[in-house]
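Here is the structure we will look at.
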Amino acid sequence: MEVENARPYFFGDIGCWVERTEVHKAASLGQTSQLQHLIQSGASVNMVAVDSITPLHEACLRGAVQCVRLLLDAGAQVDARNVDGSTPLCDACSGGSLECVKLLLDRGAKTNPALTSRTASPLHEACMGGKSDCVRLLIAMGAGLEPYDLYYGTPLHVACANEHTDCVKQLLNAGAKVNAARFHDTPLHNAAKNTRVEMVEILVEFGANIYARDQHDRKPVDYTTPGSPSATCLRFYETTPMSLQQLSRLAVRTKLGTRALKVIGQLDVPKLIMGYLRYQ
């Protein structure tokens, strides 16, 4: 077997733990012809490196679609876990390759793999990098909107912390909990810290609690710069009651939860009202 150091020192569930193989290297570099040659020569596609990374992890992180297809066709384990518990789908979402994500899902990858204390879900990874196309696909495939990571919180926390407004919109429209808390931090706290006024407005429109206090007893406005657009926006919401129209929309959306987009599309109401309920 072609490896940089051919001496394995631990036998794992799907192979020996060794230094990176030639298959790993070809996959990580997107070298389709070399990878195909190695596979045809009998090289294992499920050999794990010392960090439990498989060649499929490498190819997905790079977004090398053809390499991913070759590995899967050769029997690569689609939900293999690395040392942090991440699956190839997590890496594909992190890399932002929609084609890789589609291919993995078509081959049976779990949209909602079980999380460990160190694992972010595929949806977390997509939101972290602002990969809105991947977010949309994962949601359509039934990705859980509230997987909780001890470090990041929910995917909505992640999208707000990393200033990805499109991802925030998609999560909220799909029914993500706008007031989910991580150690009392809400997504609105994250948006306020990043001074993204558009994101602040979107969160409040979806019912974010502007008075929520974090573990430091601070409200979202307390993280803004006095006089900044975000501070002005939050102060306005603090002093101006919501309109009956907005309260009605929130009541409908809250009642429907994650069924909102589907149910609203079936209502016998004018398109203008339908668009309003969908935040379009």
Side-chain angles (χ1 to χ4, degrees), residues 1-8 10-116 119-126 128-129 131-144 147:
M1 181 62 189
E2 64 297 322
V3 294
E4 294 176 17
N5 179 353
R7 183 182 177 186
F10 184 85
F11 191 77
D13 292 336
I14 59 175
C16 297
W17 283 16
V18 296
E19 298 300 323
R20 291 174 78 244
T21 67
E22 293 298 321
V23 178
H24 282 85
K25 290 192 288 185
S28 68
L29 294 173
Q31 297 175 337
T32 308
S33 297
Q34 173 68 358
L35 180 59
Q36 187 171 29
H37 171 72
L38 290 168
I39 292 173
Q40 290 174 345
S41 299
S44 171
V45 296
N46 282 316
M47 191 71 76
V48 293
V50 292
D51 47 11
S52 295
I53 287 181
T54 67
L56 186 58
H57 283 98
E58 300 262 26
C60 288
L61 191 58
R62 178 182 174 80
V65 182
Q66 295 306 319
C67 289
V68 170
R69 183 173 285 106
L70 283 173
L71 291 166
L72 291 171
D73 287 344
Q77 296 191 14
V78 71
D79 284 320
R81 299 270 190 159
N82 67 15
V83 70
D84 292 321
S86 295
T87 65
L89 181 58
C90 292
D91 286 342
C93 290
S94 177
S97 173
L98 184 62
E99 289 184 82
C100 282
V101 172
K102 286 179 178 178
L103 181 55
L104 290 167
L105 292 171
D106 287 343
R107 298 298 184 92
K110 294 179 180 177
T111 309
N112 299 300
L115 302 185
T116 70
T119 310
S121 72
L123 189 56
H124 278 100
E125 295 287 1
M128 198 173 300
K131 314 301 183 183
S132 56
D133 287 342
C134 294
V135 170
R136 185 180 299 108
L137 177 59
L138 289 170
I139 291 174
M141 294 298 293

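Only this structure's heavy atoms are used, side chains among them; waters, hydrogens and symmetry mates stay out. Numbering of residues begins at 1 and proceeds along the displayed sequence. No experiment lies behind these values; they were computed from the predicted model shown.
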| field | Rounded distance [0.5 Å steps], CG in L38 versus OG in S33 | value | 11.0 Å
| remark: Rounded to the nearest 0.5 Å, the CG atom of L56 sits from the CG atom of L70 at a distance of 11.0 Å
| Just by modelled atom types, is the I53 backbone N or O under 3.5 Å from a matching donor or acceptor in the D51 side chain? | yes
| What heavy-atom pair brings I39 and A74 nearest, and what distance separates the two atoms? | CG2-CB, 3.8 Å
| request: Check for a donor-acceptor pair, side chain of D79 on one end and backbone N or O of P113 on the other, with a separation under 3.5 Å. | output: no
| query | Would a 4.5 Å heavy-atom cut-off, applied to side chains only, mark S44 and V23 as touching? | reply | no
| remark: On a heavy-atom basis, the closest approach of S28 and K25 is OG-O, 2.9 Å
| message | How close do A27 and L71 get, counting heavy atoms only, and between which atoms? | response | CB-CD1, 4.2 Å
Expected list for residues 58-67: side-chain donor-acceptor pairs under 3.5 angstrom, two or more places apart:
unit_1 : atom_1 : unit_2 : atom_2 : d
E58    : OE2    : R20    : NE     : 3.1
E58    : OE2    : R20    : NH2    : 3.2
R62    : NE     : L29    : O      : 3.3
R62    : NH2    : L29    : O      : 3.3
Q66    : OE1    : R69    : NH1    : 3.4

| query | Given D73 and R107, is the side-chain contact (heavy atoms from CB on, under 4.5 Å) satisfied, shown in steps? | reply | CA-CA 10 Å; D73 287 344; R107 298 298 184 92; 2.9 Å; yes
| said: I need the minimum non-hydrogen distance between V135 and A126, along with the two atoms involved. | reply: CG2-CB, 3.7 Å
Enumerate, atom names and distances included, each donor-acceptor pair closer than 3.5 Å involving a side-chain atom of residues 87-104, sequence neighbours excluded.
unit_1 : atom_1 : unit_2 : atom_2 : d
T87    : OG1    : L89    : N      : 3.4
T87    : OG1    : C90    : N      : 3.4
S97    : OG     : C100   : N      : 3.1

| field | Test item: H57 side-chain N/O and V48 main-chain N/O as donor-acceptor pair under 3.5 Å | value | no
| message | Measuring from atom CG of L35 to atom CD of E22, what distance do you get when rounded to the nearest 0.5 angstrom? | response | 11.5 Å
| note | What one should report as the nearest heavy-atom pair of P147 and L115 is CB-CD1, 3.8 Å
| task | Let me see the working for L137 and L105 under side-chain contact (heavy atoms from CB on, under 4.5 Å), right down to the final yes or no. | result | CA-CA 10 Å; L137 177 59; L105 292 171; 4.0 Å; yes
| request: Could you tell me which residues satisfy side-chain contact (heavy atoms from CB on, under 4.5 Å) with A143, sequence neighbours excluded, listed by chain and number? | output: T111, N112, L123, L138
| Smallest separation among heavy atoms of M47 and P55, with atom names | O-CD, 3.4 Å
| Heavy-atom donor-acceptor pair, H37 side chain to Q34 backbone, under 3.5 Å | no
